[in-house]
Amino acid sequence: MSKRKLSKQQKSRIEENQRRELKEDGSEDQSAKENCNGRVVSHYGQHLDIETLDPDSPRRIIRCSQRANLPSLVTGDLVVWEEDDSGAGVILARGRRNNAFGRHDSNGVLKPAAANIDRVLVVFASEPIPHLNLIDRYLVAIENLDLQPLLILNKTDLLGTDNKAELDNILSIYEEIGYKPHRVSALSGMGIAELRAELQGLTTVLVGQSGVGKSSLLNYIGGEELMEVGGLSEARNKGTHTTTTSKLFHLANFDLIDSPGIREFNLDFVSSESVFDGFVEFAPFKGLCKFRDCAHQSEPGCALLAAVEEGKVRQCRLDSYYRILNPDE
Ligand code: GDP
Ligand code: ZN
């Protein structure tokens, strides 16, 4: 049996979990929404570091414990906190989340690693040449979290006659769909100014396979302004990349969250309809197939196959869609 076909029991467990998450959010302390005076910048087991959000005084980092029965807290969460006599803080409530970014565990429960995110940088490199399917997996996951992906081709200093045409072709596929990939080099600095401009005022997360240059990009983008929040030196040390702690870095006019725990996604618990929705250029053809349960493989009257015939959808993207639905085939 393919992993995709969830049993009734699995389905109801997922639905139950989703209801519980919603309820958890809905039943929050209302005052938390208006009165948040801090933001979580890193998380260490029992303790969290928050930064103060008082507009009238400089930002400070406060080590906090949390009141019992709080909903889970992750980097990027807004909180209500207060300081005790010893200068330590205690978190009293969590503010409403605009979104939560993370992965599903083997039971289909979303494990948030960061919250209140505006952009997700999907980093890949000129060498080795990226697999389209891997990029598409990231895109499906990000689109399903209702976040905005930004594709980044790093290591463009390694472009040469042997790989340039192939990479240009890969990027053109995504340009056609409307993703506007960035070409950068964390070694030479090429394209970094344009990327920084695009991130102004936003909170961004970096994802991508190990070795594509995420840490190098973080360091280069940050440059002199990279401010130590919750132990930057630890995050810079490659030996600690197995940690799942995420950290928030303040840069000139934007924030970056580095979260080793969400560099790869598990799409097993994404429904086939959501996988379809994750291929954004398929949208105009949704619901137009002759058969309602069309698998878009060889059915007569399939609108998606017709779109491929007419050059409106790329065959390689449709192949990627099949592969996500049937990883074992
Ligand atoms: P991460 O695992 O994604 O964080 O990747 P790292 O930032 O640790 O980089 C992996 C390797 O790629 C390191 O040896 C970097 O020096 C190298 N690297 C990163 N960015 C570039 C780049 O733009 N060009 C070249 N030539 N090498 C790079
Ligand atoms: Zn179809």
Side-chain angles (χ1 to χ4, degrees), residues 120-130 134-135 138 150-160 162-164 167 181-196 204-223 226 232-247 249 256-265 272-273 275-277 279 281-310 312-313 315 317-322 325-326:
V120 183
L121 299 191
V122 180
V123 185
F124 48 101
S126 302
E127 261 187 42
I129 294 223
L134 189 75
I135 297 175
Y138 279 120
L150 199 59
L151 296 176
I152 310 292
L153 173 67
N154 186 35
K155 307 197 188 183
T156 48
D157 55 286
L158 299 180
L159 284 176
D162 52 333
N163 60 1
K164 187 169 182 311
L167 283 159
H182 278 256
R183 295 165 163 84
V184 306
S185 167
L187 194 73
S188 73
M190 195 207 100
I192 301 283
E194 292 82 352
L195 180 57
R196 286 171 65 111
T204 299
V205 174
L206 288 163
V207 298
Q209 279 191 308
S210 175
V212 294
K214 294 178 298 296
S215 313
S216 310
L217 274 173
L218 181 67
N219 289 339
Y220 201 103
I221 297 174
L226 201 55
L232 172 62
S233 49
E234 191 192 328
R236 268 182 170 160
N237 178 347
K238 287 180 74 184
T240 63
H241 273 190
T242 48
T243 171
T244 51
T245 308
S246 48
K247 296 190 172 69
F249 301 97
L256 274 178
I257 291 182
D258 185 33
S259 182
I262 44 171
R263 284 173 171 181
E264 275 162 39
F265 293 97
S272 36
E273 186 181 0
V275 173
F276 187 104
D277 294 339
F279 286 78
E281 78 277 30
F282 293 2
F285 313 104
K286 190 171 180 176
L288 298 186
C289 300
K290 184 170 169 195
F291 300 107
R292 269 185 60 154
D293 61 349
C294 186
H296 321 300
Q297 297 216 344
S298 56
E299 293 86 342
C302 172
L304 205 49
L305 291 174
V308 172
E309 280 292 303
E310 290 163 21
K312 293 177 181 159
V313 164
Q315 181 68 49
R317 288 272 288 171
L318 187 57
D319 291 341
S320 222
Y321 166 79
Y322 298 146
L325 290 184
N326 299 298

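What you see is a predicted model; the values in this text were computed from it and never measured. Along the sequence shown, residues carry numbers from 1. Just so you know, ligand 1 is whichever comes first in the structure, and atom 1 is the first atom listed for that ligand.
Proximity of T156 to ligand 1, defined as any heavy-atom pair under 4.0 Å, is not found for any part of the residue.
Closest N/O/S atom of H296 to the Zn ion (ligand 2): ND1.
With the Zn ion (ligand 2) as the vertex, SG (C294) and SG (C302) define an angle of 110°, rounded to 10°.
Taking any N or O of G211, backbone or side chain, at least one lies under 3.5 Å from an N or O belonging to ligand 1. By the 3.5 Å distance cut-off applied to N or O atoms, V184 is not counted among the residues near ligand 1.
Put simply, the residue from V122, L195, V120 that forms a side-chain contact (heavy atoms from CB on, under 4.5 Å) with L150 is L195.
Salt bridge R317/E281: present, at least one basic N to carboxylate O contact under 4.0 Å.
Within the 6.0 Å centre-distance limit, the rings of F276 and H296 are counted as a close aromatic pair. When ring centroids are compared, Y321 and F282 come within the 6.0 Å threshold.
Those atoms of ligand 1 with a heavy atom of L158 less than 4.0 angstrom away are 26 (N). When each atom of ligand 1 is checked for a heavy atom of Q209 under 4.0 Å away, the hits are 3 (O). Heavy-atom proximity to A186, at under 4.0 Å, picks out these atoms of ligand 1: 20 (N), 22 (C), 23 (O). Atoms of ligand 1 found under 4.0 Å from any heavy atom of S210, numbered from 1 in the order shown, are 2 (O). Within ligand 1, the atoms closer than 4.0 Å to a non-hydrogen atom of V212 are 3 (O), 5 (O), numbered from 1 in the order shown.
Annotation for E309: atom CD does not count as buried by contact number, only 12 or fewer foreign heavy atoms lying within 6.0 Å. K286 NZ: more than 12 foreign heavy atoms inside a 6.0 Å radius.
The option with the heavy atom closest to atom 20 (N) of ligand 1, from among N154, L187, L206, is N154. Of the options M190, K155, K214, the smallest heavy-atom separation from atom 11 (C) of ligand 1 is shown by K155.
Residue contacts with ligand 1 do not include E127, since none of its heavy atoms lies under 4.0 Å from the ligand. For G208, the heavy-atom gap to ligand 1 stays at 4.0 angstrom or more.
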Would you sort out whether E299 and Q297 count as a side chain to side chain contact (heavy atoms under 4.5 Å, CB included), showing the intermediate values? CA-CA 6 Å; E299 293 86 342; Q297 297 216 344; 4.0 Å; yes
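Between L167 and L159, the closest side-chain pair of non-hydrogen atoms falls below 4.5 Å.
Side-chain atoms of N154 come within 3.5 Å of backbone N or O of V212 as a donor-acceptor pair.
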